[in-house]
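One structure below.
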Amino acid sequence: MIDVRLLRDDPDLVRAAQERRGESPAVVDDLLAADESRRASIAEFEQLRAEQKQLSKQIPQAQGEERAALLSRTKELSGQVKTAEAAQGEAAAVFDVLLKSLPNVAAAEAPPGGEDDFVTIEEVGTPRDFAAEGFEPRDHLELGRLLGAIDVERGAKVSGSRFYFLTGVGAQLELALVQLAMAKAAEWGFIPMIPPSLVGPRAMEGTGFLGQAADDVYHLEKDDLYLVGTSEVPLAAYHSDEILEADSLPLKYAAFSPCFRREAGSYGKDTKGIFRVHWFDKVEMFVYTTIEESYATHEALLAWEREWLDALELPYRVIDVAAGDLGLSAIRKFDCEAWVPTQGKYREVSSTSNCTEFQARRLNTRVRGEDGTRPAATLNGTLMAATRTIVALLENHQQADGSVRVPAVLQPYLGGRQVLEPLA
RNA sequence: GGAGGUGUCGCAUAGUGGCCUAGUGCGCCCGCCUGCUAAGCGGGUUGAGGAUGAAACCUCUCGCGAGUUCAAAUCUCGCCACCUCCGCCA
């Protein structure tokens, strides 16, 4: 959630941000009204409560008639306090629901508009010209079959559509990618983490995934637990209800975890292969810092993502995601999209968001500094999403005979193999 | 899943209905004293919210939530977490 004071002091700024997202600025006025009545009800409750406490204190010393008078007045007040307290709770709840539904204030730099209104920041590397090389590129599914690496038929048999088995060298490839990614992250100063991928409602709600994105989340009703779509969720909740010392920042975590997505409403999209699946493994970077540092940290996260893709020798582009496509928590988001030869397009393989104080305020994570305590800033960025990375690696590094070249950095993690060969 | 126990300020503890505006010790911060350090002395030290130009001020916060009462850290009920033992299990 955003700062209530910002809402009161500069509502026009919030309205403008709503418009950049293509959302209604009217909620701002609803919120201001709700804040008004919330504060009025607080004042009323507190005034009654103060009187009740003050009179109540005199009772033990009072005698006879005076005591009876006090008792009858406090008795009356007791009821009024209860009513006022309930009213105050209700007003606070109304306000809270509205405030939590309001997205973070989109950065002025974020391109206005929706999904298609992104701005390309840079294209890195050159997609291969397979025609010039004299062969038709195979898609990752066919390569996966040739290599004995991916089995989607049995994935569907066992778990349904959008599930897969990684087999043989495919399984080894994922493990190699995970190891390399975790090793790199540790080098960059991230603390390696393996977090729970089942979380309670607070963590899910606090990270903003129970808003518009709720349909995309798996929920285990019997236990009221959620399967996370990203380890951003447990990492953001990790320090909930904590006060971090300013000189301990930045706190950088890199987590390996499975990710689960219902992919509701994506029927018919990316149905072939393992590009869009209900479950995949991912190494995610997550940073706690101050709001002032967050902008530079966001650039750093992007730089690490790029270093990763450079190391894997993949052609990709970096885009500045438009305000309407930011999600609830972010003020700005950069995506890295790797070239997918058989689709002839760049497709998202990583994404980094600056959530400023939005998640920290919901999850009650604060920083104690010279000027008191205030909410922390949180940022996240994908380092390695296994399935999409495998798609990009196989397709971009394939050779005419169906073998796949292994980038040099990955070779030590694959037993020194330089090439993945098709099964006989 | 069953039985028992515990939950108070950063840590350790005191507190069985009003004298709790939650005490004490440790730690930490500021000051005094002292060649230096230690000791000693004095003061400060949970967090959130409301009001205000800013304060003084007021409210909430003893795991969480409801209840009893004029009044709850204290009594009642529910929930959660942790510990011990049993069962089951990777």
Side-chain angles (χ1 to χ4, degrees), chain A residues 1-10 31-100 194-206 220-226 234 237-249 251 256-258 288 290 357-376:
Chain A
M1 59 187 145
I2 70 162
D3 189 350
V4 190
R5 266 160 303 188
L6 177 69
L7 194 76
R8 294 205 281 247
D9 297 347
D10 199 351
L31 259 166
L32 287 171
D35 184 40
E36 253 340 90
S37 63
R38 172 183 142 265
R39 284 191 287 165
S41 69
I42 288 172
E44 192 183 343
F45 160 71
E46 288 188 352
Q47 198 207 324
L48 286 165
R49 176 74 176 143
E51 191 187 348
Q52 181 196 31
K53 280 178 70 168
Q54 203 236 329
L55 293 182
S56 204
K57 251 178 230 169
Q58 299 170 17
I59 290 177
Q61 291 93 22
Q63 299 292 327
E65 219 169 280
E66 192 197 350
R67 187 184 168 94
L70 278 171
L71 275 173
S72 91
R73 173 65 185 143
T74 47
K75 216 161 207 165
E76 184 187 353
L77 272 169
S78 177
Q80 290 175 359
V81 164
K82 224 160 258 183
T83 311
E85 192 173 17
Q88 184 241 9
E90 245 165 77
V94 167
F95 175 75
D96 202 53
V97 167
L98 276 174
L99 185 63
K100 281 194 169 153
I194 298 183
S197 25
L198 282 160
V199 300
R202 171 102 194 280
M204 215 62 194
E205 212 272 322
L220 304 181
E221 228 166 88
K222 203 168 174 185
D223 302 286
D224 198 16
L225 286 170
Y226 295 85
Y238 186 62
H239 286 300
S240 55
D241 296 321
E242 290 182 26
I243 299 177
L244 309 170
E245 294 301 331
D247 56 19
S248 73
L249 301 180
L251 278 169
F256 167 72
S257 84
Y288 290 88
T290 59
E357 300 170 335
F358 189 85
Q359 294 177 329
R361 208 171 264 120
R362 292 172 155 225
L363 288 164
N364 192 26
T365 304
R366 286 160 294 166
V367 178
R368 196 196 322 271
E370 309 241 308
D371 41 356
T373 67
R374 57 205 182 110

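Chain letters run A, B, ... following the sequence lines, proteins first and then strands; every chain starts at 1.
- Contact check on A:Arg49 versus A:Glu46 returns no salt bridge, with no Lys/Arg side-chain nitrogen under 4.0 Å from an Asp/Glu carboxylate oxygen.
- Counting all heavy atoms, side chain and backbone alike, A:Thr74 lies closest to A:Ser56 at CG2-N, 4.0 Å.
- Nucleotide B:A71 holds its P atom 13 Å from the CG atom of A:Leu70, rounded to whole Å.
- For A:Thr74 and A:Val4, each mapped to the nucleotide of RNA chain B holding its nearest heavy atom, the one lying further toward the 5' end belongs to A:Val4.
- Rounded to the nearest Å, the gap between the C1' atom of B:A73 and that of B:U8 is 7 Å.
- With both ends at atom P, the span from B:G31 to B:U37 equals 13 Å, rounded to whole Å.
- Regarding A:Arg38, its CZ atom lies at a distance of 17 Å from the P atom of B:C60, rounded to whole Å.
- Using P as the reference atom, B:C60 and B:U74 are 14 Å apart when rounded to the nearest Å.
- A:Arg366 comes within 4.0 angstrom of sugar-phosphate atoms only, judged by non-hydrogen atoms across all strands, and of no base.
- Using C1' as the reference atom, B:C33 and B:G42 are 11 Å apart when rounded to the nearest Å.
- With distances taken from any side-chain atom of A:Lys82 to the nucleotides B:G50, B:U69, B:C70, the minimum falls on B:U69.
- Only the P atoms considered, B:G17 is 26 Å distant from B:A12, to the nearest whole Å.
- Here the separation of B:U61 from B:A72, taken at their P atoms, is 9 Å to the nearest Å.
- The only member of A:Gln359, A:His239, A:Glu357 that meets side-chain contact (heavy atoms from CB on, under 4.5 Å) when paired with A:Thr365 is A:His239.
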Open item on the list: I'd like to know whether A:Tyr226 forms a side-chain contact (heavy atoms from CB on, under 4.5 Å) with A:Leu198, so could you lay out the CA-CA distance, the side-chain angles of the two residues, the decisive distance to 0.1 Å, and finally the verdict.
Closed with: CA-CA 5 Å; A:Tyr226 295 85; A:Leu198 282 160; over 6 Å; no
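- Atoms CZ (A:Arg67) and P (B:C70) sit 11 Å apart, rounded to a whole Å.
- Between the C1' atoms of B:C64 and B:A81, the separation comes to 10 Å (whole Å).
- Atom name P, nucleotides B:U21 and B:C80: the rounded distance is 33 Å, in whole Å.
- If you check every strand for non-hydrogen atoms under 4.0 Å, A:Arg8 touches sugar and phosphate atoms only.
- The CZ atom of A:Arg362 sits 19 Å away from the C1' atom of B:A48 (whole-angstrom rounding).
- Other residues, nucleotides and ligands place no more than 12 heavy atoms under 6.0 Å from the CD1 atom of A:Ile194.
- Using N1 to N3 plus N6-O4 or O6-N4 for Watson-Crick, or N1-O2 and O6-N3 for G-U wobble, each under 3.5 Å, B:C89 pairs with nothing.
- Contact annotation for A:Arg202: no contact, since no heavy-atom pair falls under 4.0 Å across all strands.
- Nucleotide B:U52 is matched to nothing when pairs are restricted to Watson-Crick or G-U wobble geometry with both distances under 3.5 angstrom.
- Look at CZ on A:Arg39: it is 12 Å from C1' on B:U52, rounded to the nearest Å.
- B:U6 and B:A81 make up a base pair, with Watson-Crick or G-U wobble contacts both under 3.5 Å.
- The nearest whole Å value for the distance from the CD atom in A:Gln88 to the P atom in B:G50 is 11 Å.
- The NZ atom of A:Lys53 sits 13 Å away from the P atom of B:A71 (whole-angstrom rounding).
- Looking at A:Asn364 and A:Arg202, their side chains come closer than 4.5 Å, going by heavy atoms from C-beta outward.
- Atom pair A:Arg368:CZ and B:C9:P shows a separation of 14 Å (rounding to whole Å applied).
- Nearest nucleotide to the side chain of A:Gln52, out of B:C70, B:C60, B:G18: B:C70.
- Base pairing of B:C28 is made with B:G44, judged by Watson-Crick or G-U wobble geometry with both donor-acceptor distances under 3.5 Å.
- Side-chain proximity of A:Arg49 to the nucleotides B:U59, B:G18, B:G49 is greatest for B:U59.
- Using the Watson-Crick or G-U wobble rule with both distances under 3.5 Å, B:G23 pairs with B:U13.
- Pair assignment for B:G67 gives B:C75, based on Watson-Crick or G-U wobble hydrogen-bonding distances that are each under 3.5 Å.
- Both distances falling under 3.5 Å, in either a Watson-Crick or a G-U wobble arrangement, occur for no nucleotide opposite B:C36.
- Mapping A:Leu71 and A:Glu51 onto RNA chain B by nearest heavy atom places A:Glu51 at the nucleotide closer to the 5' end.
- Backbone-only contact: A:Thr373 has heavy atoms under 4.0 Å from sugar-phosphate atoms and none from a base.
- Inter-residue side-chain proximity for A:Glu51 and A:Arg73 is flagged as met; some heavy-atom pair is nearer than 4.5 Å.
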